[in-house]
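Quick notes on the structure that follows.
On a predicted model such as this, the values are computed, not experimentally measured, just so you know. Here is how names work: the chains are called A, B, and so on, in the same order as the sequence lines, proteins then strands, and each is numbered from 1. What's counted below: heavy atoms across the whole structure, side chains too, no hydrogens, waters or symmetry copies.
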2 protein chains.
Amino acid sequence: MGRWEPNARGRLGRAAMELYVERGFDQTTVAEIAEQAGLTKRTFFRHYADKRDVLFAGMAPLREVVVRAVAEAPASLPPFAVVSLGLEAAAEMIQERPEDVKMRQAVIDAHLELQERELVKLAALAADIAAALRGRGLDAWPARLVAEAGMAAFRVAFARWIANSAEGLLTQVVRESMEELEATVTGG
Amino acid sequence: MGRWEPNARGRLGRAAMELYVERGFDQTTVAEIAEQAGLTKRTFFRHYADKRDVLFAGMAPLREVVVRAVAEAPASLPPFAVVSLGLEAAAEMIQERPEDVKMRQAVIDAHLELQERELVKLAALAADIAAALRGRGLDAWPARLVAEAGMAAFRVAFARWIANSAEGLLTQVVRESMEELEATVTGG
DNA sequence: GCATCAATGACACTTGGTGTCATCACCCTA
DNA sequence: TAGGGTGATGACACCAAGTGTCATTGATGC
């Protein structure tokens with residue numbers, strides 16, 4: 001038993017999510033989050049960079065999974081197929097907890113400032129993918145191009161999956177989105 | 001001669017840009033901007049939603065140009081070609097003042113919070129394009145998909161144009177980026 | 001001249017976020 | 001077993017972004 005209750009970060013994160021869902025993101029102050037977690041405002045900012053960071057702290061493992069999938073994809077695969085593989089791996093991870101994901105997304109979709117943060121995080125993910133592609137020998141600009149285009153397809157697939165609960169597995173929607181992109185860009 | 005100097009909004013915008021360039025975005029307070037423009041902090045927020053808004057207020061005409069180009073494109077053109085046309089129209093507009101654009105972009109690239117805002121603005125532009133495509137009879141999800149993919153190619157082209165001053169006309173870089181996307185997605 | 005209106009100023013207030021120092025439990029070592 | 005780090009937290013002051021509200025002021029229309 002420590003002087004402090006264990007898992008301060010986890011308590012803060014849970015308290016924040018509860019309040020964000022209950023009363024909305026901007027009707028929640030950091031002081032309230034900290035109080036609910038039995039801590040102080042200052043301590044909140046020691047665990048999370050800012051109020052929005054709570055919603056996006058879980059993306060780190062996602063990045064690892066995607067980058068590994070891209071790096072370990074068969075050398076014979078064309079770049080776009082490699083990106084597709086990586087993003088399907090992400091989809092697999094995401095769809096493990098559909099309810100949590102959808103609740104989180106509802107909070108994000110209700111606040112522009114959270115969508116801003118979401119977009120930079122996804123852009124960072126695209127940059128990671130591009131770096132992994134460069135590691136496979138692809139030139140910098142083509143790598144970035146195919147990574148960003150893949151992320152675009154992924155974003156649309158994710159939105160579609162969120163919007164339509166009967167949509168099935170996210171991996172499947174992502175794969176379809178990739179194929180549809182290929183078809184429509186080719187001249188469909 | 002009014003009680004107040006004319007063009008308060010313009011003065012605020014110019015003052016803000018000067019200070020952002022001179023000393024950096026977050027070393028500039030709204031009070032300083034207002035003072036330099038001969039106004040008060042409160043008046044700044046009557047003309048701009050927030051400190052970042054100054055950098056993105058000029059995007060409205062861009063949206064109009066792109067949406068019109070998409071709406072008026074020949075009916076026979078496939079969707080991706082239509083998006084390409086729209087974004088080339090945007091490129092044409094942007095490349096009219098290369099120095100201003102590059103200075104503005106240098107400020108944005110130096111601050112993550114500004115990149116956040118840039119990404120939502122571009123996402124909004126993609127949403128506008130998707131809406132224009134729906135107006136041409138395309139279904140919602142494919143419209144969004146091709147609009148987002150086109151914006152991805154545009155973003156990469158723009159970054160490439162900014163990074164390489166000898167790159168020539170932005171319209172040309174955008175067109176090449178679109179073609180490269182098509183080639184690489186098809187299986188290059 | 002007089003009422004109205006739009007733009008600005010003045011001012012208080014909330015909140016996010018940071019800097020700084022004190023405190024307290026735990027651990028290691030002599 | 002005493003004592004000195006160490007790391008996490010609390011306490012507190014502080015700055016700057018952004019908002020609500022009311023007063024002021026010049027222009028405009030009647």
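The residue among A:Arg9 and B:Asp50 whose nearest nucleotide of DNA chain D is located toward the 5' end is A:Arg9.
Closest contact between the side chain of B:Lys41 and the listed nucleotides D:dG18, C:dG17, C:dA10 involves D:dG18. Here the side chain of A:Lys51 is nearest to one of C:dG17, D:dA17, D:dA11, namely C:dG17.
Rounded to a whole Å, the CZ atom of A:Phe45 is 7 Å from the P atom of C:dG16. The interatomic distance linking A:Phe44 (CZ) with C:dT18 (C1') rounds to 14 Å, in whole Å. Residue A:Arg46 contributes atom CZ, which lies 10 Å from atom C1' of C:dT18 at whole-angstrom precision. In this entry the distance linking CZ of A:Arg42 with P of D:dA8 reads 14 Å, nearest Å. Here C:dA7 presents its P atom at 8 Å from NE2 of B:His47, a figure rounded to the nearest Å.
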Carefully, step by step, assess A:Glu72 and A:Arg136 under the rule salt bridge (charged side-chain N to carboxylate O under 4.0 Å, His left out).
CA-CA 9 Å; A:Glu72 293 176 353; A:Arg136 296 170 59 92; over 6 Å; no
Step by step, work out the salt bridge (charged side-chain N to carboxylate O under 4.0 Å, His left out) result for B:Lys41 and B:Glu35.
CA-CA 8 Å; B:Lys41 186 181 100 175; B:Glu35 188 188 16; over 6 Å; no
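No donor-acceptor contact under 3.5 angstrom links the side chains of B:Gln36 and B:Glu32, judged on distance only.
Using a 4.0 Å cutoff on non-hydrogen atoms, no part of residues 103-123 of chain A comes near DNA chain C. Shown for residues 14-39 of chain A: residues whose heavy atoms fall under 4.0 angstrom of DNA chain C, namely A:Thr28, A:Thr29, A:Val30.
By the 6.0 Å contact criterion, CZ on B:Arg11 is enclosed, its count of non-hydrogen atoms from other residues, nucleotides or ligands being greater than 12. By the 6.0 Å contact criterion, CZ on B:Arg9 is enclosed, its count of non-hydrogen atoms from other residues, nucleotides or ligands being greater than 12. Atom CD of A:Glu92 has 12 or fewer neighbouring heavy atoms from other residues, nucleotides or ligands inside a 6.0 Å radius.
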Could you list the donor-acceptor pairs under 3.5 angstrom formed between side-chain atoms of residues 145-157 of chain A and any protein atom two or more places apart in sequence or on another chain?
from: A:Glu148; atom 1: OE1; to: B:Arg155; atom 2: NH2; distance (Å): 2.5
from: A:Arg155; atom 1: NH2; to: B:Glu148; atom 2: OE1; distance (Å): 2.5

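Taking all atoms of both residues into account, the shortest heavy-atom contact from A:Lys51 to A:Thr28 is NZ-O, 2.6 Å.
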